[in-house]
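Only a predicted model underlies this, so the values are computations on that prediction, with no experimental measurement involved. In what follows, chains carry the letters A, B, and so on, assigned in the order in which the sequence lines appear, proteins first and then strands, with residues in each chain numbered from 1. No hydrogens, no waters, no symmetry mates; every other heavy atom, side chains included, goes into these values.
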2 protein chains.
Amino acid sequence: MHVHLRDGPMADLVTPTIRAGGVDTVFVMPNLVPPITTVAHCLQYRDKLRALAPDVTFLMSLYLHPSITPAVVAEAAAAGITGIKSYPAGVTTNSASGVVSYEPFYPVFQAMEQHDIVLNLHGELPPSAAKDGAPITVLNAEEAFLPTLLDLHRRFPRLRIILEHCTTAAALDAVRGCGPTVAATITAHHLHLIVDDWAGDPHSFCKPVAKLPSDRVALLKAAVGGEGRFFFGSDSAPHPVLAKRGGEDGRAKTAAGCFTQPFGVQLVVDAIRRGLEQGILGEGDVTKEALVEFLSGNGRKFYRVERPQGERTLRVERKGQTTPDFVRNGDGSVTVVPFWSGRDLPSLRWI
Amino acid sequence: MHVHLRDGPMADLVTPTIRAGGVDTVFVMPNLVPPITTVAHCLQYRDKLRALAPDVTFLMSLYLHPSITPAVVAEAAAAGITGIKSYPAGVTTNSASGVVSYEPFYPVFQAMEQHDIVLNLHGELPPSAAKDGAPITVLNAEEAFLPTLLDLHRRFPRLRIILEHCTTAAALDAVRGCGPTVAATITAHHLHLIVDDWAGDPHSFCKPVAKLPSDRVALLKAAVGGEGRFFFGSDSAPHPVLAKRGGEDGRAKTAAGCFTQPFGVQLVVDAIRRGLEQGILGEGDVTKEALVEFLSGNGRKFYRVERPQGERTLRVERKGQTTPDFVRNGDGSVTVVPFWSGRDLPSLRWI
């Protein structure tokens with residue numbers, strides 16, 4: 001759940017790698033350029049993705065935007081669109097048209113509640129905001145957003161909300177304190193990373209940024225803890241290598257995002273292996289059943305997606321592959337450095 | 001004070017830019033490859049630098065290392081070497097041969113006290129260390145080092161110690177709590193940066209990393225506060241653009257360091273201008289006298305360096321230049337992206 005498949009040649013490259021990452025159902029982000037704000041655009045995009053990966057189920061989303069009205073919500077529901085994604089202004093990639101205040105969207109949220117459309121939150125306050133008079137930074141932006149989450153849940157208790165890509169113990173606890181309509185996704189890379197990992201490594205730099213070791217511990221425990229409200233959402237976010245290395249001349253800012261699509265489940269399994277090795281997790285903490293629910297069951301239940309007919313089983317094999325230095329298309333016009341290139345990972349087999 | 005002038009073609013490029021940055025006296029870091037651990041190597045390096053910039057006074061340093069003995073300290077003092085720099089293992093550029101425990105160096109520190117050689121501390125605990133059982137990260141590494149500073153000062157009260165490139169309010173306060181033999185440097189870039197600035201910008205990424213807005217406020221106030229124990233040390237640290245953009249293929253880690261040498265004083269003045277604009281500093285907080293002491297007087301006093309005979313005055317002129325996109329040598333074989341390339345800065349004139 002929660003993947004960026006992009007558009008154009010990048011979509012052609014990354015969409016066919018979904019199943020290699022152990023995934024057959026994805027919730028697709030709408031932050032194209034321009035963002036997906038109409039049902040027609042969304043369905044056209046879904047058709048394109050289906051053609052690229054016919055064996056994958058695509059759950060689609062719209063981008064929360066002033067042009068989204070209750071009527072658009074009704075139309076989206078009728079068309080089988082699953083969710084609406086909210087980006088705080090300026091916080092993440094292609095979110096320049098994102099949300100500053102939620103209040104104008106209350107009628108939209110009411111319609112979403114009524115039509116059972118999921119609200120997917122990028123849960124960070126923008127840098128221009130403040131918390132208790134102190135400026136918002138990349139480090140406290142998620143925690144400072146949590147009162148907003150709780151407020152939205154209180155106002156719209158039947159609205160299904162997902163706090164996407166949680167990075168802090170505080171966010172997990174906030175979600176735990178909500179009713180059953182609120183869930184959260186956890187990425188593969190945040191199960192691996194702390195602040196030191198992205199300090200100086202563009203390929204581990206993403207938004208929200210990875211936080212402290214204690215936050216990583218909390219995420220690992222949530223991933224294996226068997227709580228139905230937490231599930232895997234990779235937030236795989238490919239960028240051309242040039243966008244990660246400062247553009248043609250090396251002076252530009254680094255695009256935020258980790259590309260994990262072809263190795264999603266493998267990276268989760270490997271994070272748990274590392275957690276065991278590092279003594280963060282005990283052998284007794286990890287059960288196959290809870291892991292299967294985290295990877296597959298909980299997300300399907302929350303999104304109310306049937307398991308596909310004749311679904312196959314995924315077998316994980318220890319140390320089966322090394323992530324490549326690059327993932328690139330046939331003519332070399334699109335090159336992406338995957339997260340943790342050159343590392344040994346388990347391999348997967350659909351049986 | 002505190003500059004990295006490097007060796008080879010990089011030294012040829014950056015050393016002649018010292019005076020353009022409003023500086024006529026520099027304290028030179030010894031972390032070449034291999035590091036400078038002998039008096040002979042140090043003097044040879046000084047001669048080379050003097051040839052590159054005859055109008056600059058070079059204060060030289062050795063790299064704290066097991067080969068530094070009390071005899072080497074005595075030899076260094078006799079040769080006019082000013083200080084010995086200590087790097088915690090693995091914390092910063094070329095510090096693989098750095099210090100893990102200080103205890104073996106107590107005889108060296110005693111000799112330094114006796115011969116009046118300055119101890120220059122890179123004040124961070126290495127990532128392998130822990131504080132109260134919690135792991136060390138780039139965010140708490142400096143604060144976790146402060147008990148070590150206080151312990152060294154208690155054991156060697158006459159040893160002159162500089163806590164280099166302070167980045168936190170806690171570090172400034174620790175230094176304030178010490179006797180007059182302890183001082184601290186503040187860089188130009190840490191007067192500008194917070195964590196959000198280096199998240200996603202390799203050219204603002206340095207070690208110690210810039211911290212929170214409240215830390216930047218404390219640094220700005222210390223720079224203009226007229227306290228004699230704080231002075232400017234740029235920690236200008238040039239890296240070839242490729243080392244900042246992930247190497248030839250874009251996959252490598254980002255080298256830590258901001259190159260500010262040709263714009264040192266300009267960047268300090270601009271940081272104070274920004275601090276005034278942002279309301280962090282009030283007009284009454286900033287006096288020309290305190291600024292002159294921060295930039296010039298305090299460091300000279302601590303290092304016991306005479307003002308040069310016939311010293312000229314530096315005049316700062318508002319909005320006089322734009323930092324270039326690149327600083328490169330004649331044949332283009334060395335290219336560095338300066339800190340804050342493409343920004344308007346005041347200009348300087350020696351009169």
Check: What option among A:T335, A:V337, A:V195, A:V209 has the most heavy-atom pairs under 4.5 Å with chain B?
Finding: A:V195
Notebook entry, point to check: Top residue by heavy-atom pair count (under 4.5 Å) with chain A, among B:V241, B:I194, B:D325?
Noted result: B:D325
Notebook entry, point to check: So, does A:E142 use its side chain to make a donor-acceptor pair with the main chain of A:T168 at under 3.5 Å?
Noted result: yes
Item checked: Atom of B:L13, atom of B:V336 and distance for their closest heavy-atom approach -> CD2-CG2, 4.2 Å
Next item on the list: Look at the rings of B:H165 and B:H122 and say which category their plane angle falls in: under 30° parallel, 30 to 60° tilted, over 60° perpendicular.
Entry: perpendicular
Next item on the list: Could you tell me whether the side chain of A:S236 reaches within less than 4.5 Å of the side chain of A:H189, counting heavy atoms only?
Entry: no
Margin query: Heavy-atom pairs under 4.5 Å with chain B - which of A:P213, A:A199, A:A141 has more of them than the others?
Written below: A:A199
Check: Tell me, side chain or backbone of A:V138 under 4.5 Å from chain B's heavy atoms, or both, or neither?
Finding: both
Check: Checking heavy atoms, do the side chain of A:K244, its backbone, both or neither come under 4.5 Å from chain B?
Finding: neither
Next item on the list: Could you tell me which of A:L212, A:T254, A:D196, A:D201 has the largest number of non-hydrogen atom pairs under 4.5 Å with chain B?
Entry: A:D196
Check: Is the backbone N or O of B:A20 less than 3.5 Å from a side-chain atom of B:T17, with the two atoms forming a donor-acceptor pair by type?
Finding: no
